[in-house]
Enquirer: 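Okay, here's the structure, questions in a sec.
If you're wondering where the values come from, they're calculated on a predicted model, not measured in any experiment. Below, each value reflects all heavy atoms present in this structure, side chains not excepted, and no hydrogens, waters or symmetry copies.
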Amino acid sequence: MPKKTNNQKNHAQRLGAFGESLVKSILLVHADFVTETCFGHPSDLFVEFGNNSLFRVQVKTRSITKDGTWTFPFENHRNKSDIHRIYHNDILAFCFMPHKKVMFKCNDSYQKYYKFTEKHITENMELESLKATLAALSNVPEISEL
């Protein structure tokens, strides 16, 4: 497997840091609290909306490929760590570069990657996807007693 150059590593770290900052700024407009986690934590952000609803957010940032797609994989190195393997993030935030657009998604499946095209990029995708994600997260079935 080819090793990344220092320039490639630096670019990847800058891209990731930018994506986390972009997601944090979007969430700050709509949430009560947003905070970054420490380096190496399985989540990138914690976000709290009213009524003590605290969610863990993982941010994925990718640049568009030559074929006009964005692929967001969940890296294998994270699966080697016991902490990362068993940890569950509630919300996935996909950052589309160079458009600087974000799509939120409820982390309710075991998909290993997500792939998107230009047709997925919409005008109000941040707010629409955030609302849909929060609605999906709040749909907890209630047990009714006999």
Side-chain angles (χ1 to χ4, degrees), residues 1-140:
M1 188 159 112
K3 288 195 168 211
K4 288 185 177 180
T5 66
N6 284 338
N7 284 344
Q8 289 171 321
K9 288 178 187 176
N10 183 38
H11 177 76
Q13 288 175 340
R14 288 177 49 223
L15 190 66
F18 178 82
E20 289 174 19
S21 295
L22 180 62
V23 170
K24 183 178 179 183
S25 66
I26 292 167
L27 289 173
L28 281 168
V29 173
H30 304 289
D32 293 336
F33 300 99
V34 181
T35 188
E36 299 167 6
T37 62
C38 63
F39 180 78
H41 192 278
S43 294
D44 297 310
L45 302 168
F46 294 130
V47 60
E48 184 175 342
F49 296 89
N51 302 326
N52 294 323
S53 54
L54 181 67
F55 300 108
R56 297 160 293 193
V57 181
Q58 185 175 44
V59 179
K60 294 288 187 182
T61 307
R62 294 293 183 267
S63 295
I64 192 167
T65 61
K66 291 175 184 171
D67 67 351
T69 63
W70 291 267
T71 302
F72 297 88
F74 291 88
E75 294 87 2
N76 291 333
H77 75 275
R78 290 185 183 252
N79 294 334
K80 293 178 183 174
S81 164
D82 288 339
I83 293 171
H84 282 81
R85 184 174 34 251
I86 62 172
Y87 195 86
H88 179 78
N89 288 290
D90 307 299
I91 299 173
L92 302 174
F94 301 112
C95 296
F96 297 83
M97 296 300 287
H99 295 306
K100 300 177 185 162
K101 300 288 278 180
V102 175
M103 177 188 294
F104 296 96
K105 182 163 179 24
C106 179
N107 186 16
D108 59 358
S109 73
Y110 293 99
Q111 278 187 247
K112 296 294 181 191
Y113 71 94
Y114 292 83
K115 192 169 188 171
F116 301 99
T117 62
E118 287 278 351
K119 71 177 182 181
H120 294 100
I121 307 293
T122 62
E123 182 69 29
N124 296 318
M125 67 188 279
E126 288 89 358
L127 186 55
E128 291 171 1
S129 64
L130 181 59
K131 285 180 179 179
T133 298
L134 294 175
L137 288 169
S138 67
N139 285 335
V140 178

Enquirer: For residues L134 and F104, determine if any side-chain heavy atom of one lies less than 4.5 Å from a side-chain heavy atom of the other.
Expert: no

Enquirer: As an exercise, state the distance from CG of L45 to CG of N89, rounded to the nearest 0.5 Å.
Expert: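 Reported value, rounded in 0.5 Å steps: 10.0 Å.
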
Enquirer: If you compare all heavy atoms of H99 against all heavy atoms of E118, which two are closest, and at what distance to 0.1 Å?
Expert: NE2-OE2, 3.1 Å

Enquirer: If only side-chain N and O atoms count, and only distance matters, is there a donor-acceptor pair under 3.5 Å linking T65 with D67?
Expert: yes

Enquirer: For N7 and H11: C-alpha separation, side-chain torsions, deciding distance, then whether side-chain contact (heavy atoms from CB on, under 4.5 Å) applies.
Expert: CA-CA 6 Å; N7 284 344; H11 177 76; over 6 Å; no

Enquirer: What is the distance from atom CE of M103 to atom OG1 of T133, rounded to the nearest 0.5 Å?
Expert: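 Answer for the CE-OG1 pair, M103 versus T133, is 9.5 Å.
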
Enquirer: Do any N or O atoms from the side chain of E126 and from the backbone of V102 form a donor-acceptor pair under 3.5 angstrom?
Expert: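 Yes, E126 side chain to V102 backbone: donor-acceptor pair under 3.5 Å.
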
Enquirer: Could you tell me if the side chain of E20 sits less than 4.5 Å from the side chain of V23, heavy atoms only?
Expert: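 Side chain of V23 against side chain of E20, heavy atoms only: no contact under 4.5 Å found.
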
Enquirer: Do F46 and H41 come within less than 4.5 Å of each other through their side chains, counting heavy atoms only?
Expert: yes

Enquirer: Between K60 and T71 (side chain of the first, backbone of the second, donor and acceptor by atom type, cut-off under 3.5 Å), is there such a pair?
Expert: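 A pair under 3.5 Å: no.
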
Enquirer: Heavy-atom distance under 4.5 Å between the side chains of N10 and R14, does that happen here?
Expert: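 Yes, at least one pair of side-chain atoms sits under 4.5 Å.
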
Enquirer: Under the criterion side chain to side chain donor-acceptor pair (under 3.5 Å), which of D90, D44, T37 is the partner of R56?
Expert: D90

Enquirer: If we ignore hydrogens and angles and just use 3.5 Å, is the side chain of K101 paired with the main-chain N or O of T122 as donor and acceptor?
Expert: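 The answer is yes, because a donor-acceptor pair under 3.5 Å joins these two groups.
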
Enquirer: Checking W70 side chain against C95 main chain: does a donor-acceptor pair fall under 3.5 Å?
Expert: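 Side chain of W70 to backbone of C95: no pair is present.
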
Enquirer: On the 0 to 90° scale, with breaks at 30° and 60°, tag the F96-F116 ring pair as parallel, tilted or perpendicular.
Expert: perpendicular

Enquirer: Of L22, L130, I91, which is the lone residue that meets side-chain contact (heavy atoms from CB on, under 4.5 Å) with L27?
Expert: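 One option only clears the test, and that one is L130.
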
Enquirer: If I compare all heavy atoms of K115 with all of H120, which pair ends up nearest, and what's the gap?
Expert: O-CE1, 4.5 Å

Enquirer: What are the two closest heavy atoms between L15 and S63, and how far apart are they?
Expert: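 Here L15 and S63 meet closest at CD2-OG, 3.9 Å.
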
Enquirer: Could you report the tightest heavy-atom contact between C106 and L137, atom names first, then the distance?
Expert: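 In this case the closest contact between C106 and L137 is SG-CD2, 3.5 Å.
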
Enquirer: Are F72 and L92 packed together at the side-chain level, in the sense that at least one heavy-atom pair is separated by less than 4.5 angstrom?
Expert: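 No; the side chains remain at least 4.5 Å from each other.
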
Enquirer: Please report the closest heavy-atom contact between Q111 and Y114, naming both atoms and the distance.
Expert: OE1-CE2, 3.2 Å

